[in-house]
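Below is one structure; the comments refer to it alone.
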There are 2 protein chains.
Amino acid sequence: MSSADSSDAPTKSALKKAAKEAEKAKKKAEKAAKAMEAEQARAAADEDYSVGRYGKLPMHQSQSRQNRERIDISTLTAQNDGTRVLVRARIQTSRLQGNKMVFLNLRQRTNTVQALMSVTKDTISKQMVKWAGALADESIVLVEGDVKKSPEPIKSASVSEVEIHILELWLLSGIESRLPFSLEDASRSETAPEVEGQFNRVLLDTRLNNRVLDLRTTTNQAIFKLQHAIGNLFRDYLNANGFIEIHSPKLQGSATESGASVFKVDYFKGNAYLAQSPQLAKQMAIAADFERVYEIAPVFRAEDSNTHRHMTEFVGLDLEMAIEEHYHEVRDLIDGMFKAIFEGLREKYAHEMAVVRQQFEAEEFKWKEETPVLTFKEAVNLLVEDGVDREVLDDINTENEKRLGRIVRAKYDTDYFIVDKFPLALRPFYTMPDPEDPTLSNSYDFFMRGEEIMSGAQRIHDPDFLCEQMRTKGVDPDSMKGYLDGFRLGCPPHGGGGIGLERVLMLFLKLNNIRRASLFPRDPKRLEP
Amino acid sequence: MSSADSSDAPTKSALKKAAKEAEKAKKKAEKAAKAMEAEQARAAADEDYSVGRYGKLPMHQSQSRQNRERIDISTLTAQNDGTRVLVRARIQTSRLQGNKMVFLNLRQRTNTVQALMSVTKDTISKQMVKWAGALADESIVLVEGDVKKSPEPIKSASVSEVEIHILELWLLSGIESRLPFSLEDASRSETAPEVEGQFNRVLLDTRLNNRVLDLRTTTNQAIFKLQHAIGNLFRDYLNANGFIEIHSPKLQGSATESGASVFKVDYFKGNAYLAQSPQLAKQMAIAADFERVYEIAPVFRAEDSNTHRHMTEFVGLDLEMAIEEHYHEVRDLIDGMFKAIFEGLREKYAHEMAVVRQQFEAEEFKWKEETPVLTFKEAVNLLVEDGVDREVLDDINTENEKRLGRIVRAKYDTDYFIVDKFPLALRPFYTMPDPEDPTLSNSYDFFMRGEEIMSGAQRIHDPDFLCEQMRTKGVDPDSMKGYLDGFRLGCPPHGGGGIGLERVLMLFLKLNNIRRASLFPRDPKRLEP
């Protein structure tokens, strides 16, 4: 045992070695501890403390109802500084700044607001910022944030006084395919010069093929708000003047009215035809004592015209009224209605009109308190004075209509005027001739920026004379028995007119193509979407 | 010569004879003079001193304009006693009293007034009275006369305080064929007992074949004023709630939506189809950020149904809106809209409603400030409690709908209620399932007098889930690419509904047949007039 004891006794060198190793182990442990600490620090730094503040929401199935208000960004001003808001909006564009900050341009219809977030201890993690920066344009998000007054006006957004500092950001509806074009491109001015390689214009056909996206531009949001406004102003004026709204059938038993082509429909075992206008129905409503009627409804034209101003289906604003003494009662009422529409747009829709003008530059539409009325003869004389050959002026064609528009604008300073007393030969069979000159008629057209927007007249209410005129124009009275019967049972003198809603909208805003004034336009080559 | 003189000398007898003859001649002359006097007196008595006060006017061609006011008879009260008026009206009926007096019942839309004239020296000749008495019912006349307060209320006219004493009477538009029925017959109460030989009822088909005449009854004038009112109240409510009106095309490139049949149209060298509803278009408008939209437009259904409540073309009142938290936002808004319509009718159209009730007797339509909402399950339970076999209640058929209407009326004292949470299997592919029970859906129907008047739901806005549901219901997603594309580019949660205008009108007034609520109804057998 002693020998073992003696052999186990430490030597000086051994002691030294042990001390060295202990020192080493200590250092190693210290290093490990430090590494662990660093690791922990790193882990702490990477922890996503924003969980529960952002992400994709489950599909909205009306899971709950909390009645929390969501705000309309157009109402935000500096006065809202410091308030907390909840906003549903599209991401128009997003921009990451480094990896600590993101700017979102949020859009609601014709308005945009700037929203932003930056990495903030305990609230906004870098993961959250990164996720926000990666959201596709056109995503729909739900944003909670604080409104902050901006030190200087924000030029990139329509809401310029404030921005939103994001606290929560939720994806409500994502984008599942590549955008066919950006809304920025689709919203560019149509008149600004295009610089090579700088930006793209979006062709009308591309827009129409992707109409849902195209309709989201602030321009289109404004255009269709104005379309809505015109319909409402039309109705309000007529309601206030004792009219009632009717709804006449678009399915007809026979192809009525001469001239324009009609669409044929398979109708059970026979055929039906789509109404080209509510002309006959609204006249029958007058024979039925409705006195003053209007209708807003689709009108169908099977004409293979591929112009800037023809569609196969458009919205007709039609009206018809009994006449007491003179058809000018009708002409004057329609004139009053147009002026009420123009005034209503100017007074209540200045914002929308300004939005449209950013893309479609145009001189503001001009009209006079007293609308100039030319007779057809006077209009012809103006054109002749301007150098047009009188020989070609039996009718005024589209080109000469535009020329007349320019002449009238120069002479009367108006984009809106009336031509009265058209030659009878140019009008449909149901037009009442002038009482003195049988080659003229009690009819009128209304013009905007040199294009016809409404055609109307006193109609023939006498059934025998109507039959006579039908035969003169090659229409068989037997083919229109139901219509004629109405007059045989007594009908007051009456007149009216028909307006193309999209045409008024196009010309008022100078959109240059009627398809831009139609939600989902239809022409001989387009039935989709 | 003397012999001749002597022979010519008169004898006594000859003188006597001559004197006698002279006497005779004198008497004859006197007689002749007397006869002539009598003749002159007779002629004087027969002279038509009313020429220039009556007769048929030349065809109205707007020969002149005098700006003379013509009055609305509904404005006449005892306060107008003694005033001279000019009136254009129909002769509803006329009655000659002897050959010296004539009574005319004059009609303007829903109102009538008594007018009369009697032979008066220097002004009203017997010829004029005779002519007036011979004017056909339904002739349109221009009457000038003096308003006279009536000593007692006139029961045969709606204007009861006054009558018009005619000074001039002009025929503006005559009747050129026999009336197929009298307006008196056409206006009789539908519920009054019919006494053999006493009067005729006019069959609905006869009315519709002669719709222009039929529409002139005060009942129909009131019905279509109420139709106009419903449309306006619908619009006013939605406009006030941030909606905009859209116009979507009725011509479609493909036969969309499963189930109901569509009409096929010859479209140049191909085919088009008539939209069965604006469902897809209004959803696309939501995907295009319109937020809240409505449309009033014809809807076409190629269903060979010949019932009291089906037509092949009717007027759809459609709406669609983005949802914030819950689809009940939509359900509640539609509920508010219906109540606004009912209230608007009650407040502003009491006269028209009373006019209709004279022909279509019905208990006044009842609704509650708080509309009862049943779940589909609760509705089924109510029917089971009432004795219906639960086995047949996978769906609620028309008969059981009516029964449910009676049960709800007895229990809640209302003709108007909502059923919510329909089984998913009963609804179209685009309906959002309930978040908890996948056999149910976020959908609702609205009922009036036990008939469904509106169907609506939250729609699926998620494109992948929508494709999945399409396939489940046998719809090929590729056939609806344009529609799906809208959702692929991000679409907010949304819901809406569609209402049949004529159905609301029919049920509110209890007209019992939808054709009575349509101006010129269309069904599988009727395309005219």
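What you see is a predicted model, and the numbers here were worked out from it, not measured in a lab. Convention: sequence-line order gives letters A, B, ...; per-chain numbering from 1.
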**Q.** Toward chain B, the part of A/S64 with a non-hydrogen atom under 4.5 Å
**A.** backbone
Q: Would you mind checking which part of A/E502 comes under 4.5 Å of any heavy atom in chain B, side chain (CB onward), backbone (N, CA, C, O), both or neither?
A: neither
Q | Region of A/L274 in contact with chain B, defined by heavy-atom distances below 4.5 Å | A | side chain
Q) Which heavy atom of A/S173 sits nearest a heavy atom of B/G490, and at what distance? A) OG-CA, 3.4 Å
Q) Looking only at heavy atoms, what is the nearest atom pair of A/K250 and B/P298, with distance? A) CG-CG, 3.8 Å
Q | Under 4.5 Å from a heavy atom of chain B, the part of A/F465 involved | A | side chain
(Q) Quick check on A/N209 against chain B: is it the side chain, the backbone, both or neither that has a heavy atom closer than 4.5 Å? (A) neither
Q) Have B/D485 and A/N210 got a donor and an acceptor in their side chains that come within less than 3.5 Å? A) no
Q) Can you name the nearest heavy-atom pair linking A/P492 to B/I140, along with the distance? A) N-CD1, 3.2 Å
Q: Taking the side chain as every heavy atom from C-beta outward, state whether B/N232 and A/N239 have any pair of such atoms under 4.5 Å apart.
A: yes
Q: Please work out whether the ring planes of B/F263 and A/Y267 are parallel, tilted or perpendicular, with thresholds of 30° and 60°.
A: parallel
Q: Examine whether an atom of A/Q63 lies under 4.5 Å from a heavy atom of chain B, and if so say whether it belongs to the side chain, the backbone or both; otherwise answer neither.
A: both
Q: Select one option (side chain, backbone, both, neither) describing which atoms of A/F243 are under 4.5 Å from chain B's heavy atoms.
A: backbone
Q) Which one, B/P529, B/P249, B/G253, B/G486, leads in non-hydrogen pairs under 4.5 Å with chain A? A) B/P249
Q) Based on non-hydrogen pairs under 4.5 Å, which of B/K225, B/M311, B/E291, B/E138 is most in contact with chain A? A) B/E291
Q) Relative to chain B, which segment of A/Q227 carries a heavy atom at a distance below 4.5 Å: side chain, backbone, both, or neither? A) side chain
Q: Flag the pair B/R68 and A/E325 as a salt bridge only when some basic side-chain nitrogen lies within less than 4.0 angstrom of an acidic carboxylate oxygen.
A: no
Q) Between B/F290 and A/Q221, is any pair of side-chain heavy atoms under 4.5 Å apart? A) yes
Q. Of the backbone (N, CA, C, O) and the side chain (C-beta and beyond), which part of A/A229 lies under 4.5 Å from a heavy atom of chain B, both, or neither?
A. neither
(Q) Contact between A/E176 and B/F487 at the side-chain level, heavy atoms closer than 4.5 Å - yes or no? (A) no
Q) So what's closer than 4.5 Å to chain B heavy atoms on A/D434: side chain, backbone, both or neither? A) backbone
Q | Sole residue of B/M432, B/H494, B/H461 in side chain to side chain contact (heavy atoms under 4.5 Å, CB included) with A/H60 | A | B/H461
Q) Distance-only, no hydrogens or angles: does the B/R488 side chain make a donor-acceptor pair with backbone N or O of A/G174 under 3.5 Å? A) no
Q) Would you find a donor on one side and an acceptor on the other, under 3.5 Å apart, between the side chain of B/H228 and the backbone of A/E245? A) yes
Q: Return the minimal non-hydrogen interatomic distance between B/Y327 and A/S62, and the atom names on each side.
A: N-OG, 2.9 Å
Q.
Using side-chain heavy atoms (C-beta onward) and a distance below 4.5 Å, is A/L527 in contact with B/L251?
A. yes
(Q) Looking at A/R65 and B/D332, is there a salt bridge between them, counting it only when a charged N and a carboxylate O are closer than 4.0 Å? (A) yes
Q: Give a yes or no on whether the backbone of A/P433 and the side-chain of B/Q61 come within a donor-acceptor separation of less than 3.5 Å.
A: yes
Q. Do the non-hydrogen side-chain atoms of A/H247 and B/L501 ever get within less than 4.5 Å of each other?
A. yes
Q: Indicate yes or no: does A/R88 engage B/E324 in a salt bridge with an N to O separation below 4.0 Å.
A: yes
